[in-house]
Engineer: 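One structure is given below, represented as structure tokens, and several questions about it will come after.
A, B, ... follow the sequence lines: proteins, then strands. Residue 1 opens every chain.
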Amino acid sequence: MRKRFNWALWLGCILVFFLMIIGVAGPYLAPYDIDYQVKVRNEMVNGKQVIISPPLAPSGEHLLGTDKWGYDLLTKLLHGAPYTIFITLLIALLRLLIGAWIGLYIGILDKQQRWWIAIENAWGYMPIFIPVYFLLKGININPELPTFTLVLFFVVVVAVLGTPSVAASIRQKTEQIKESQYVLAATSLGAGRDQIIFRHILPHLKEHLVIVLVTEMIATMTLMGLLGIFGLFVGGTTMYYDPVEYHSTTHEWAGLLGTYRSFVYTNYTWIFLIPLAAYMLAIGSFSLLAKGLRDKFEQTYSRTPFI
Amino acid sequence: MTYVKQLIGMFFLVIVVCGGPFMLYTQEEEIVFEPGNIVVHTVYLIQQIAEGSLGTYYSGQTERSIAEDILPFAISSFELLFASVGVAVLASIIFGLLLQRFRIVRQFQKVLNLLATIPDFILIVVSIVGAVGFYKLTNIRIITLSPISDSESTWFPITLLSIGPTIFLMKVVSLKYVQIGGEDYIKTALAKGMGIWHVLIHHVYKNIKPFLIADLKKTIAITVANLFIVEYLLNVVGLTRFIFSKDGGYEFNAAVMGLLGIILLSILVYVLIRLILYVIERAVVYK
């Protein structure tokens with residue numbers, strides 16, 4: 001069979017690379033300062049005095065327009081990019097490391113660990129954002145802590161709470177591989193537990209681990225978006241009471257999504273659609289990468305149905 | 001007995017989860033971790049249950065009794081949940097199994113798989129944007145955001161809620177269809193000249209069913225996760241009203257009752273769907 005060109009993988013790789021660059025260089029590329037605010041002003045247009053007040057629609061001066069309070073959207077997005085991209089990467093990496101460690105060492109045991117499987121089962125049905133919501137609710141709104149601590153807290157909480165599902169899939173794979181002949185051969189030759197894990201099981205899991213990393217990034221991003229809808233933003237929410245408004249302190253993309261959610265119902269839909277587009281770009285590139293990797297690894301196993 | 005144990009375990013899990021804001025808060029720029037606070041609130045909650053009331057919650061400025069509101073709220077949440085899971089199961093059996101062999105259905109599934117890469121909540125938000133835009137263009141109203149309006153329509157929230165679980169379950173079923181379709185016993189059955197519908201119902205369906213049942217729980221979990229968003233964004237008055245109040249206040253009793261109610265509802269939905277599947281099976285497969 002001729003190999004088909006894996007466009008998803010290529011496009012995904014390019015887009016993720018592009019995101020990484022934005023993540024590193026974003027704040028330096030921003031056209032305005034993060035505090036720059038467009039003020040209401042009078043201007044002469046065709047001999048008439050016109051009041052120009054934010055929100056300004058996308059134009060040459062503000063490429064993606066400004067929000068209702070006069071802040072440049074492109075600047076906000078570029079300043080938020082490092083948080084969005086590196087927090088998701090960090091959480092996914094932590095989940096993978098802890099999950100792989102637990103999954104490998106529990107999977108290799110001769111006896112099934114009932115207590116761990118009970119945790120996996122119970123946790124599998126819990127939408128993860130509910131415990132995260134309740135844990136963050138008390139500290140994240142009008143925070144007294146510095147942003148860095150809040151981000152760190154978020155990373156640890158989300159990584160730990162998301163670990164059981166990663167561990168579950170790695171445990172299952174480990175249990176399958178453990179039964180194979182070459183592991184038996186290695187054991188009879190006197191290989192120890194660590195030898196089997198690192199020499200015989202991990203090499204088989206390599207591809208699986210890469211896919212888990214990317215899918216966990218997607219899951220983390222989804223979780224951040226969900227929390228954003230409910231007014232909890234990574235790195236802290238500034239809440240105003242009259243009227244009730246939630247603002248993201250880090251300008252992280254999912255947070256901007258939550259901040260500007262109410263603009264769906266106004267005439268200034270772009271204020272919501274632009275963060276949405278950025279967020280979708282990020283999640284879409286990771287999805288493409290995941291799809292490309294999966295296609296690449298699964299090509300060998302496909303079978304054609306008879307009906 | 002094990003069921004009772006599980007229920008009690010669930011109650012405590014819900015209490016621990018809902019107690020989050022009391023357990024973990026900041027005071028003078030330090031994170032305070034005090035699990036003891038949960039015990040105080042739980043004792044209070046159990047006292048109130050023992051007195052025969054479920055406590056009160058604030059809706060805006062008015063204090064309302066939870067016991068009075070929980071039933072109508074639960075009914076509207078149940079309608080949403082049950083209808084959406086029902087749509088998901090039905091659609092995945094029809095399109096993932098029975099009509100899968102038609103090319104056009106497979107194309108349709110490819111589109112759905114593409115949609116599946118977008119998180120469900122984004123799909124919901126985008127649908128709302130679309131509905132608002134549609135109204136501006138054509139003056140035809142398909143969403144109502146006011147919970148007390150006359151033209152209350154439940155089909156829009158149900159449609160939005162069923163997107164996520166349908167995509168998930170249909171993917172599971174059609175994946176298994178492709179796997180099972182490649183098995184030798186299917187080849188044998190076809191070689192013997194059995195009709196395609198016979199093979200689909202008696203060979204493919206019976207082998208897919210365990211996976212369908214196993215993933216039904218996950219499907220309901222996905223639906224519940226989306227229920228929070230749909231009810232919150234579309235202003236549907238349901239059980240999640242107890243958990244996420246829009247003005248930012250947090251009430252322990254209401255949150256516990258809301259979460260417990262949702263878990264009980266999802267168990268009820270699971271049992272009902274199993275029952276319906278059983279009845280259909282008796283009528284169609286094992287007549």
Engineer: Determine whether more than 12 heavy atoms belonging to other residues, nucleotides or ligands lie under 6.0 Å from atom OH of B/Y270.
Structural biologist: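 Count over threshold, so yes.
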Engineer: I want to check something: taking the side chain as every heavy atom from C-beta on, are A/F233 and A/T250 in contact at a cut-off of under 4.5 Å?
Structural biologist: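 Not in contact.
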Engineer: Does any non-hydrogen side-chain atom of B/M194 lie less than 4.5 Å from one of B/H203?
Structural biologist: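 Yes, at least one pair of side-chain atoms sits under 4.5 Å.
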Engineer: Would you call A/E120-A/R171 a salt bridge at under 4.0 Å N-O?
Structural biologist: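 The answer is yes: the pair qualifies as a salt bridge.
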Engineer: Contact part of A/Y279 toward chain B, heavy-atom cut-off under 4.5 Å: side chain, backbone, both or neither?
Structural biologist: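 Side chain of A/Y279 only, per the 4.5 Å heavy-atom cut-off to chain B.
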Engineer: Sequence neighbours left out, what passes salt bridge (charged side-chain N to carboxylate O under 4.0 Å, His left out) with A/R95? Give chain and number order.
Structural biologist: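 For A/R95 the salt bridge (charged side-chain N to carboxylate O under 4.0 Å, His left out) partners, ignoring immediate neighbours, are A/E216.
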Engineer: Please state whether the side chain, the backbone, both or neither of A/L288 comes within less than 4.5 Å of a heavy atom of chain B.
Structural biologist: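 No part of it gets close to chain B.
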Engineer: Any heavy-atom pair between the side chains of B/I273 and B/L216 that's under 4.5 Å?
Structural biologist: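 B/L216 reaches B/I273 side chain to side chain.
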Engineer: Heavy-atom distance under 4.5 Å to chain B: side chain of A/L276, backbone, both or neither?
Structural biologist: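 Interface part for A/L276: side chain.
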Engineer: Step through the shown structure and confirm whether more than 12 heavy atoms of other residues, nucleotides or ligands are within 6.0 Å of OH on B/Y185.
Structural biologist: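 Above 12, so yes.
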Engineer: Using heavy-atom distances under 4.5 Å, tell me whether B/L259 contacts chain A through its side chain, its backbone, both, or neither.
Structural biologist: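 Interface part for B/L259: side chain.
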Engineer: Taking the side chain as everything from C-beta on, heavy atoms only, tell me whether A/Y260 gets closer than 4.5 Å to A/L73.
Structural biologist: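 A side-chain contact under 4.5 Å exists here.
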Engineer: Among residues 221-230 of chain A, which ones touch chain B with a heavy-atom distance under 4.5 Å?
Structural biologist: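 Near chain B, by residue number: A/T222, A/G225, A/L226, A/I229, A/F230.
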Engineer: Against chain B, label A/I283 side chain, backbone, both or neither, depending on which of its atoms sit under 4.5 Å from a heavy atom there.
Structural biologist: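 Side chain of A/I283 only, per the 4.5 Å heavy-atom cut-off to chain B.
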